[in-house]
2 protein chains.
Amino acid sequence: METLSHSEEQVMTALWDCGRPAARREIAARLPADCRWADSTLLNFLLRLENKGFVRPEKQGNKNIYTPLVRRITYCGAVSAAHLQRLYGGDLRAMLGALADTGRVSFTDMERLARYLDSRAAESPEYDYD
Amino acid sequence: METLSHSEEQVMTALWDCGRPAARREIAARLPADCRWADSTLLNFLLRLENKGFVRPEKQGNKNIYTPLVRRITYCGAVSAAHLQRLYGGDLRAMLGALADTGRVSFTDMERLARYLDSRAAESPEYDYD
DNA sequence: TCTGTTCTTTTACAAACGTAAAAGTTATTG
DNA sequence: CAATAACTTTTACGTTTGTAAAAGAACAGA
């Protein structure tokens, strides 16, 4: 999958947050506060996203309505998998260890995660990809 | 912490893999196969890493010996935390869910992770940051 | 229909990145 | 010591990224 730059990803995230195809203004409204861009800036990112196959614009009057062509979970899964591979050779435990050892994730978080994994394991055998 | 570009990170990883301060040649030897760069390319990345405070070079004869100034786990923890925040708002379960739902992590991996978390929880209460 | 407003598209430009040639310096060896 | 080999430093250049002004198209109200 094509990779996104930081800004492109922020735009895409805002669009996903809209929950449905959205126009420029709606997307802008969902952007984090530190993204107070000129209109043309945002539209340029949307154009780059279109070229990368992440959105399809559709004219509606003089406005464009943008539809996401990649699902959020698909993108996030791919990016996280790449991250995991790049930094930890694919070892999940190593990643969690790093997060814990640098105080980025608390004991409580880890416990919650453990419980989540247990429940998932119990009720979702369809995730056995081995 | 200063962020690293992809290439800079690869160089840093190679240096970490050396396990001790290392010269250009040793670092080059640890680089992944797809990084067959000219000498000056690698040295340039090392210079950029120096400017970002990640390594300190020390002349030894006409060679430079590079010492890492940032520990691997510190860097990895920070990058993973940023990743987690950026894509999942800090929710570990969401990240694991995305990895599992896109088939990037198997049921067995998840089980292993759950066991790891349990053992960590049992024997390492010093990781309680709440 | 004229004109101001709202949108988009095109063009632009500086900074960061990937990559390496050229130039300069130190070591080595015949 | 002269010539060559090994290294590093400096300079360079095309691409991608962040950001927006300028230019062009469509709409809405007087």
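Note that the structure is a prediction, hence the values are computed from the model and not measured.
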> Rounded to the nearest angstrom, tell me the gap between atom CG in A:Leu43 and atom P in D:dA25.
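The distance from CG of A:Leu43 to P of D:dA25 comes to 16 Å, rounded to the nearest Å.
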> Does A:Lys59 have a side-chain nitrogen or oxygen under 4.0 Å from the phosphate oxygens OP1 or OP2 of D:dC27?
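False: A:Lys59 side-chain N/O out of range (4.0 Å or more) of D:dC27 OP1/OP2.
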> Distances under 3.5 Å only, N/O to N/O: pair up the protein atoms with those of nucleotides 11-14 of chain D.
residue: D:dT11; atom: O4; partner: B:Asn44; partner atom: ND2; Å: 3.3

> Pairs in or reaching into residues 39-54 of chain B: which pass salt bridge (charged side-chain N to carboxylate O under 4.0 Å, His left out), with residues at least two apart or in two chains?
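Output for this query lists B:Glu8-B:Lys52, B:Arg24-B:Asp39.
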> Between atom CZ in A:Arg24 and atom C1' in C:dT8, what is the gap in whole Å?
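That distance rounds to 9 Å.
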> Taking only residues at least two apart or on different chains, which pairs with a member in residues 79-106 of chain A satisfy ring-ring contact (aromatic ring centres under 6.0 Å, His included)?
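ring-ring contact (aromatic ring centres under 6.0 Å, His included) check on residues 79-106 of chain A returns A:His83-B:His83.
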> Polar atom pairs between nucleotides 23-30 of chain C and protein, under 3.5 Å, N or O only, would you list them?
none

> Could you say whether A:Leu4 or A:Ser40 is positioned toward the 5' end of DNA chain D, judged by the nucleotide with the nearest heavy atom to each?
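The residue closer to the strand's 5' end, by nearest nucleotide, is A:Leu4.
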> Can you tell me how far C1' of D:dT19 sits from NE2 of A:His6, to the nearest Å?
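Taking NE2 of A:His6 and C1' of D:dT19, I get 14 Å after rounding.
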> Do B:Arg115 and B:Asp118 meet the salt-bridge criterion of a basic N to acidic O distance under 4.0 Å?
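No salt bridge links B:Asp118 with B:Arg115.
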> How many Å lie between CH2 on A:Trp37 and P on D:dA21, as a whole number?
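Rounded to the whole Å, the gap is 15 Å.
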> Roughly how many Å is it from CG in A:Asp39 to C1' in C:dT6, rounded to a whole number?
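Going from A:Asp39 (CG) to C:dT6 (C1'), I get 9 Å.
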> Using heavy atoms to find the nearest nucleotide of DNA chain C for B:Lys52 and B:Arg36 separately, return the residue whose nucleotide is more 5′.
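The residue mapped nearer the 5' terminus is B:Lys52.
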> Please work out if B:Ser7 contacts a base, only the sugar-phosphate, or nothing of the nucleic acid, heavy-atom cut-off 4.0 Å.
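It contacts sugar-phosphate atoms only.
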> Just to verify, what does A:Ala29 make a side-chain contact (heavy atoms from CB on, under 4.5 Å) with, not counting sequence neighbours?
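side-chain contact (heavy atoms from CB on, under 4.5 Å) list for A:Ala29, sorted by chain: empty.
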> Is there a donor-acceptor pair under 3.5 Å between the side chain of A:Thr102 and the backbone N or O of A:Ala98?
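Yes, the answer is positive, given that a donor and an acceptor are paired below the 3.5 Å cut-off.
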> Given C:dG18, D:dG18, D:dT8, which nucleotide is nearest the side-chain atoms of B:Asn64?
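Of the options given, the side chain of B:Asn64 lies nearest D:dT8.
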> Please list, chain by chain and in numerical order, all residues satisfying salt bridge (charged side-chain N to carboxylate O under 4.0 Å, His left out) with B:Glu2, sequence neighbours excluded.
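Here no residue qualifies.
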> For the pair made of CG in A:Leu49 and P in C:dT9, what is the distance, rounded to whole Å?
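To the nearest whole Å, that distance equals 14 Å.
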> Indicate every side-chain donor-acceptor pair of residues 57-68 of chain B with a distance under 3.5 Å to a residue at least two apart or in another chain.
residue: B:Asn64; atom: ND2; partner: B:Tyr66; partner atom: OH; Å: 3.3

> D:dT9, OP1 or OP2 - any side-chain N/O from B:Lys63 closer than 4.0 Å?
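Checking B:Lys63 against D:dT9: no side-chain N or O falls below 4.0 Å of OP1 or OP2.
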> Output yes when a side-chain donor or acceptor of B:Ser80 lies under 3.5 Å from a complementary backbone atom of B:Cys76, and no otherwise.
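Here the side-chain-to-backbone pair exists.
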> Show every donor-acceptor pair shorter than 3.5 Å between a side-chain atom in residues 30-37 of chain B and any protein atom, with sequence neighbours excluded, or say none if there are none.
residue: B:Arg30; atom: NH1; partner: B:Asp17; partner atom: O; Å: 3.4
residue: B:Arg36; atom: NH1; partner: B:Ala33; partner atom: O; Å: 3.4
residue: B:Arg36; atom: NH2; partner: B:Ala33; partner atom: O; Å: 3.4

> Give the rounded distance in Å between these two atoms: CZ of B:Phe45 and C1' of C:dC17.
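Value for this atom pair: 7 Å.
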> B:Gln85: which residues meet the side-chain contact (heavy atoms from CB on, under 4.5 Å) condition with it, sequence neighbours left out?
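B:Gln85 satisfies side-chain contact (heavy atoms from CB on, under 4.5 Å) with no other residue.
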> Taking ring pair (Phe, Tyr, Trp, His ring centres under 6.0 Å) as the definition, give me every residue that meets it alongside A:Phe54, ordered by chain and number, with sequence neighbours left out.
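By the ring pair (Phe, Tyr, Trp, His ring centres under 6.0 Å) rule, A:Phe54 matches A:Tyr75.
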> Has A:Arg25 got a side-chain N or O lying under 4.0 Å from the OP1 or OP2 atom of C:dC7?
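For C:dC7, OP1/OP2 do have a side-chain N/O of A:Arg25 under 4.0 Å.
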> What residues in residues 10-19 of chain A put a non-hydrogen atom under 4.0 Å from any atom of DNA chain D?
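Listed by number, there are none.
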> Looking at A:Ser5, I'd like to know whether one of its side-chain N or O atoms comes within less than 4.0 Å of OP1 or OP2 on D:dT16.
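Checking D:dT16 against A:Ser5, no side-chain N or O comes under 4.0 Å of OP1 or OP2.
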> Please enumerate all residues that pass salt bridge (charged side-chain N to carboxylate O under 4.0 Å, His left out) together with A:Arg20, with sequence neighbours excluded.
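Once residues adjacent in sequence are excluded, the partners of A:Arg20 under the salt bridge (charged side-chain N to carboxylate O under 4.0 Å, His left out) criterion are A:Glu26.
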> Whole-Å distance between C:dG18 P and B:Asp34 CG?
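Between P of C:dG18 and CG of B:Asp34: 13 Å.
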